[in-house]
Amino acid sequence: MSKKGIKVGSVTLAMKGRDLLQKNGYKAYLTRNPKPTDGEGCGYLIYVNNLDERCFKILQKNGIRIMGTVDLGDSL
């Protein structure tokens, strides 16, 4: 199964996003971006078990800008 991480602009936003998702019943974790490129932010991702559209809405509603997703493959 493919695993995806959510890219955000800073480690502070990643921690805030993780906490928001956990408060909404998701199992969310911070992880390093295994293949960061220039301009992708802090190098941390929010990994969420069972990532769905609601996760993105929760983050956006709370002012966390999503910079995209990263396919983590089997790295977790």
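FYI, the numbering just counts along the sequence from 1.
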Practice task
Walk me through it: do V8 and K16 pass the test side chain to side chain contact (heavy atoms under 4.5 Å, CB included)?
Solution key: CA-CA 10 Å; V8 294; K16 181 180 176 184; over 6 Å; no

Exercise for the section: Flag the pair Y44 / M15 as yes when at least one side-chain heavy-atom distance between them is below 4.5 Å, and no otherwise. Expected result: no

Handout entry: Trace of the side chain to side chain contact (heavy atoms under 4.5 Å, CB included) decision for Y29 with N49
Key = CA-CA 9 Å; Y29 311 91; N49 286 346; 4.1 Å; yes

Practice task
Please tell me if the side chains of F56 and L51 come closer than 4.5 Å, counting only heavy atoms from C-beta onward.
Solution key: yes

Practice task
Heavy atoms only: give me the nearest G17-I46 pair and the separation to one decimal.
Solution key: CA-CD1, 3.9 Å

Exercise for the section: Using a cut-off of 6.0 Å, state whether more than 12 heavy atoms not belonging to D52 lie near its atom CG. Expected result: yes

Handout entry: Nearest heavy-atom neighbours spanning Y26 and N50
Key = CE2-O, 4.0 Å

Please tabulate, for the side chains in residues 61-70, all donor-acceptor contacts under 3.5 angstrom to protein atoms that are two or more places apart in sequence or on a different chain.
unit_1 : atom_1 : unit_2 : atom_2 : d
N62    : ND2    : I58    : O      : 2.7

Problem - From CZ (R18) to OH (Y47), nearest 0.5 Å - result: 15.5 Å

Exercise for the section: Output the distance between atom CG (L45) and atom OG1 (T31), rounded to the nearest 0.5 Å. Expected result: 6.5 Å

Handout entry: Interatomic distance, L59 atom CG to L21 atom CG [nearest 0.5 angstrom]
Key = 4.5 Å

